[in-house]
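This report refers to the structure that appears directly beneath it.
In what follows, every heavy atom counts, from backbone to side chain, and hydrogens, waters and symmetry copies are set aside.
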Amino acid sequence: MASARCNSCGSIADALAWRCRSCEGSLDLVDLPPFDAAAIVEGDFSLWRYAAMLPVERRFSLGEGMTPLAPARIDGIRFHAKLEYLNPSGSFKDRGTAAMLNHLAANGAGRVIDNSSGNAGASLAAYAGAAGLSATVYVPAATAVASKKRLIRAFGGAIVESHDYLADVYAAAETATYASHAWNPYFVLGQQTAAWETWEQLGRRAPDAVLTPVGHGGLFLGFYRGFRALRLAGLIDKLPRMIAVQSAGVDPIVRGWKARAQQPARVTPAQSVADGILVDQPVRGEQILGALYDSDGFALRVDNEAILRAQRAVHAAGFMIETTSAVTTGALPQIRERLGESAELVLAFTGSGLKAISNSH
Ligand SMILES: [Zn+2]
């Protein structure tokens with residue numbers, strides 16, 4: 001039976017906890033079932049084909065997961081694009097939200113809350129609706145994008161606009177269930193399925209490298225842990241090199257990695273067009289850095305100009321991604337320099353550009 005354990009003091013947390021009640025450390029799941037290829041439900045074309053490896057009581061689904069792995073070529077560089085933006089609410093977050101809310105609903109959660117500037121809030125509202133729970137999303141009053149607020153409301157979520165939304169959501173977590181995309185360990189569990197799908201879609205192989213945008217690093221850690229489970233099961237020989245890409249404005253992981261540190265660097269956030277990864281203190285920063293070292297990976301930063309140029313190129317190639325998703329494509333020239341032309345790359349296209357197209361075009 002899986003349980004959530006504190007990364008700092010080792011305490012075992014209760015089912016609805018979002019962080020350690022003793023020391024406020026982050027939680028991760030221990031005693032997860034090993035990956036078993038024979039347990040894949042071949043006839044299920046959602047992430048629940050891996051239900052045997054997801055220790056949650058499944059109550060509802062919107063068909064999340066099993067996103068396409070499409071061949072792509074940008075600026076002469078070939079790669080596989082994992083089309084995470086085709087998930088039900090338009091972002092990769094649906095994998096984590098589905099696992100997390102099924103778990104929380106089965107353990108008696110009623111009203112769920114999160115703080116988000118966009119994708120996580122829309123995902124929570126969509127899945128709360130599917131689960132019959134009420135959702136409230138705290139958004140930053142100054143910077144939340146209008147179209148993303150409309151999307152949260154359209155899914156039936158309530159919005160609280162706040163000037164100090166982190167403090168407000170922590171206070172509200174005293175009486176509601178904090179279904180945090182950054183903190184909840186079941187959210188990261190759901191993200192592991194992206195690795196397992198990629199492995200299946202490549203003909204049961206691992207690629208040479210996986211690139212994701214990194215804010216709190218949920219998808220990044222999901223890919224890493226998913227591939228690690230495959231290696232533990234003897235289904236791949238070695239891990240793909242995990243490559244974390246951040247915007248030049250907010251790059252605590254890049255600076256931490258360059259210093260070979262165990263903890264992310266302290267940074268002063270600057271302006272960035274990559275609004276989905278403006279995280280100066282990632283909840284699992286130590287785990288992200290550990291994944292980089294363990295997989296012989298690296299961390300790269302991309303500036304605003306390169307991100308916007310990459311987004312235009314990706315749109316022109318037929319993939320309607322949001323700006324944050326373009327950081328990985330913006331890093332391709334640096335990747336080619338490091339890994340050469342023949343490396344097999346998987347890039348996560350994380351969020352849908354349709355959410356913002358009326359604002360940005
Ligand atoms: Zn603790």
Side-chain angles (χ1 to χ4, degrees), residues 18 46-48 54 56 58-67 82-105 109 111-140 144-145 147-160 165 169 176-194 197 212-213 215-222 275-279 283 320-325 348-356:
W18 58 277
S46 75
L47 61 74
W48 297 101
L54 300 172
V56 297
R58 179 184 170 187
R59 297 185 164 198
F60 52 87
S61 169
L62 295 171
E64 55 282 346
M66 280 310 267
T67 56
K82 184 68 171 153
L83 306 188
E84 290 297 286
Y85 67 94
L86 297 181
N87 273 298
S89 79
S91 85
F92 75 94
K93 297 228 160 60
D94 291 341
R95 294 180 188 276
T97 308
M100 173 177 68
L101 276 200
N102 272 290
H103 167 76
L104 294 178
R111 192 167 73 86
V112 292
I113 60 174
D114 194 9
N115 51 292
S116 163
S117 58
N119 286 331
S123 184
L124 186 75
Y127 281 83
L133 304 173
S134 79
T136 302
V137 181
Y138 289 73
V139 305
V145 178
S147 60
K148 288 188 172 173
K149 287 189 284 189
R150 284 198 294 273
L151 188 58
I152 292 167
R153 289 198 182 96
F155 280 130
I159 285 182
V160 176
Y165 77 148
V169 81
T177 300
Y178 186 22
S180 170
H181 66 284
W183 286 92
N184 193 289
Y186 287 87
F187 187 91
V188 184
L189 172 73
Q191 302 297 340
Q192 293 191 25
T193 58
E197 290 172 16
T212 76
H216 279 295
L219 182 61
F220 177 89
L221 285 173
D275 63 303
I277 51 171
L278 303 183
V279 177
V283 165
M320 186 42 63
I321 57 166
E322 68 178 4
T323 308
T324 301
S325 300
F349 281 178
T350 48
S352 174
L354 292 178
K355 293 181 187 178

- [ ] With sequence neighbours excluded, tell me which residues meet side chain to side chain contact (heavy atoms under 4.5 Å, CB included) with Ala120.
- [x] Lys93, Asp114, Ser116, His181

Quick one: does [X]'s side chain get under 4.5 Å of [Y]'s, heavy atoms only?
{"X": "Thr97", "Y": "Phe187", "answer": "yes"}
{"X": "Phe349", "Y": "Lys82", "answer": "no"}
{"X": "Arg153", "Y": "Ile159", "answer": "yes"}
{"X": "Glu197", "Y": "Arg95", "answer": "yes"}
{"X": "Phe60", "Y": "Leu101", "answer": "yes"}
{"X": "Thr193", "Y": "Leu54", "answer": "yes"}
{"X": "Gln191", "Y": "Phe92", "answer": "yes"}
{"X": "Gln192", "Y": "Leu221", "answer": "no"}

Just by distance, do the side chain of [X] and the backbone of [Y] share a donor-acceptor pair under 3.5 Å?
{"X": "Thr177", "Y": "Ala179", "answer": "no"}
{"X": "Asn87", "Y": "Gly65", "answer": "yes"}
{"X": "Glu64", "Y": "Leu62", "answer": "yes"}
{"X": "Ser147", "Y": "Lys355", "answer": "yes"}
{"X": "Thr324", "Y": "Gly276", "answer": "yes"}
{"X": "Asn184", "Y": "Ser180", "answer": "no"}
{"X": "Ser325", "Y": "Gly351", "answer": "yes"}

Considering non-hydrogen atoms only, spot the tightest contact between [X] and [Y] and give its length.
{"X": "Pro213", "Y": "Ala348", "answer": "CD-O, 4.1 Å"}
{"X": "Gly118", "Y": "Ile152", "answer": "O-CD1, 4.3 Å"}
{"X": "Tyr85", "Y": "Met320", "answer": "OH-N, 3.6 Å"}
{"X": "Ala109", "Y": "Leu133", "answer": "O-CD2, 3.4 Å"}
{"X": "Leu189", "Y": "Val56", "answer": "CD2-CG1, 4.4 Å"}
{"X": "Met100", "Y": "Tyr186", "answer": "CA-CB, 3.8 Å"}

Inter-residue atom distance [X].[atom1] - [Y].[atom2], 0.5 Å rounding:
{"X": "Tyr165", "Y": "Tyr138", "atom1": "OH", "atom2": "OH", "answer": "13.0 Å"}
{"X": "Thr350", "Y": "Asn119", "atom1": "OG1", "atom2": "CG", "answer": "7.5 Å"}
{"X": "Asn102", "Y": "Ser61", "atom1": "CG", "atom2": "OG", "answer": "7.5 Å"}
{"X": "Leu151", "Y": "Ser123", "atom1": "CG", "atom2": "OG", "answer": "10.0 Å"}
{"X": "Ile321", "Y": "Leu354", "atom1": "CD1", "atom2": "CG", "answer": "11.5 Å"}

Open item on the list: By the definition side-chain contact (heavy atoms from CB on, under 4.5 Å), identify the one residue from Val137, Thr136, Val169, Val160 that meets it with Asn115.
Closed with: Val169

